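Fair warning: this is a prediction, and the values are worked out from it, not measured in the lab. Atoms considered below: every heavy atom in the structure, side chains included; atoms not considered: hydrogens, waters and symmetry mates. Residue numbers start from 1 in every chain, and the chains themselves are labelled A, B, ... in the order their sequence lines are given, proteins ahead of strands.
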Amino acid sequence: MMSPSELPKRHNTWKSFVWFALFILFLILSSIASEVDLSRFFENFDQMGVILGKMMHPDKSYIKIVIPPLLETIKMAIIGTTLGAIFAFPFSLAISRNLVKNKFVNTILRFILNIIRTIPDLMLAAVFVAIVGIGPVAGIISLAIFSFGMIAKLFYETIETIDEGPIEAIISSGGSKIDVIRYAVIPQIMSHFFSYLLYAFEINVRASTVLGYIGAGGIGIFLQRSLSQFRYDQTSIIVIAIFAVVLIIDAVSNQLRERLL
Amino acid sequence: MILPTQPKKHWFRNTVIALFLIGMYIWAFSGISFDGVKETAGAVTRSILAGIIHPDWAYVYTGDGEDLVSLLIETVAIAFLGTFLSAILSLPFAFWAARTKRGKRVISGSGKIVLTAIRTFPEIVLAIMFIKTVGPGSFAGVLAVSVHSIGMLAKLYSEAIENMDQGPTESIISAGGNRWNVLSFATLPQLIPEFISYTLYRFELAVRSASILGMVGAGGIGTPLIFAINARSWSRVGIILIGIIVMVTVIDFISGSLRKRLV
């Protein structure tokens, strides 16, 4: 085979220039809009040094106080993820285009899912603290909604890529819709579902640690308290504790996910 | 007719897993009081929904710089600048954490641990630390976003470096090219599209976090939202939530279509 003699096309320099100019323009406009002032940053950098200096000497006695709310945080993440997953499972089946052929239902449900996914977790928590009051319940509800959005998105994308063969086989041998889901769909996707559930759980553990900051239960309340009292030595012990928990949960969850897939 | 053999029943393993799960859920539900829910919950929910249905349209643009549109623009600006700074700061971290043929495992391993630590450090705590340094406002938000994003961006970058195709590099070396040629003709053309794509993705997430950071005073739309919630002015909350949903959707759409053209 002869190799092609032409060289690959050069990039359109004009186009790249326009993109570059646009980019610089956005940068300048953003710096104006967000009042960036580097001199202020470097002038006050010693302040940062003071904070970091205090953080370098964590208050070890505080660890006893931190453990119960940390466990509460993990509990919130477990319940929130589970609730979200329970609702996400049928929802994902309903919005998969290869299972439900009704375009109208698909579009409406996807629109709802997209809206849910745009709202940041802390913002949900702020709204639910206003609704149900300060405490872990607000955190659990917002984590449930947050994980619902995440799991449903990942899960329906997997359902849409499954092998259609078993579905056709069951339909052609007279199986009902329930039979299709039970014998053709679920065996193909169940391990993915649990993998996404664990993934959402990992993210929720991280997210739940700050929810308390606005009153939604867990360790975040202590984070807020230590920061407002300028006890950075306590802040750093909380951060270290969170880090340890996240590392352990990530390791366990990764092990489980590798076995599942 | 031969039926497929029944899959082996790991009854012992399954019982252990089931018992573990039951135990875990009993533990999880113990000690969390569900009766702390306020009786007003129903009424508040109804007024929030009413607020979303009848939003405070007057707040969209007032011209004094404290209205919805100006603050949404400020939020996007925080995310944009923060992501840009973070992309630059991430480069050295990415090369540190990438496991390449020549590099030592200890070095890349330590880099990966540092990146995990940065990812875990709560963004809100960072924001408060920067507020103490540069004062409340969007600049603190920019700095918080730029430091926090390193944890994820540098991880994605380093994975791109690890998965890079070594073919072009080898062919340039065997054709007599020097290190500079390798960088400009083999490494960068492969990495830059992936880096830009990851940076755009991180920008989408940064828009979400920039809209949260205002809750602690680091600029953007979060500040008026938390004020409106505390003041129970639900029509204001409604219009802000609608604004955030529209902003995030538009940004996701633009960034998503740019990413599709890149890869």
Drop me the distance from [X]'s [atom1] to [Y]'s [atom2], to the nearest 0.5 angstrom.
X: A:T82; Y: B:M24; atom1: OG1; atom2: CE; answer: 6.0 Å
X: B:I245; Y: A:I119; atom1: CD1; atom2: CD1; answer: 4.0 Å
X: A:M123; Y: B:L241; atom1: CE; atom2: CG; answer: 7.0 Å
X: A:L122; Y: B:E123; atom1: CG; atom2: CD; answer: 9.5 Å
X: A:S34; Y: B:L81; atom1: OG; atom2: CG; answer: 5.0 Å
X: B:W27; Y: A:I74; atom1: CH2; atom2: CD1; answer: 5.0 Å

Contact leader toward chain A among [options], where contacts are heavy-atom pairs under 4.5 Å:
options: B:I212, B:I124, B:V44; value: B:I212
options: B:V248, B:T120, B:I128; value: B:T120
options: B:G42, B:A117, B:S47; value: B:A117

Under 4.5 Å from a heavy atom of chain A, the part of [X] involved:
X: B:V216; answer: side chain
X: B:I226; answer: side chain
X: B:S30; answer: both
X: B:V134; answer: both
X: B:Y25; answer: side chain
X: B:R232; answer: side chain
X: B:M129; answer: both

Can the ring centres of B:F121 and A:F243 be said to be less than 6.0 Å apart?
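No - the distance between ring centres of B:F121 and A:F243 does not fall below the 6.0 Å cut-off.
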Count the heavy-atom pairs under 4.5 Å between each of [options] and chain B, then report the option with the highest count.
options: A:E72, A:M55, A:E43; value: A:M55
options: A:P120, A:A126, A:A33; value: A:P120
options: A:T235, A:I214, A:I238, A:L71; value: A:L71

Could you tell me whether the side chain of B:K132 and the main chain of A:M48 form a donor-acceptor pair under 3.5 Å?
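No, because the side chain of B:K132 does not come within donor-acceptor range (under 3.5 Å) of the backbone of A:M48.
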Parallel, tilted or perpendicular: rings of B:F139 and A:F41 (30°, 60°)
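Rings of A:F41 and B:F139: perpendicular, as their planes differ by over 60°.
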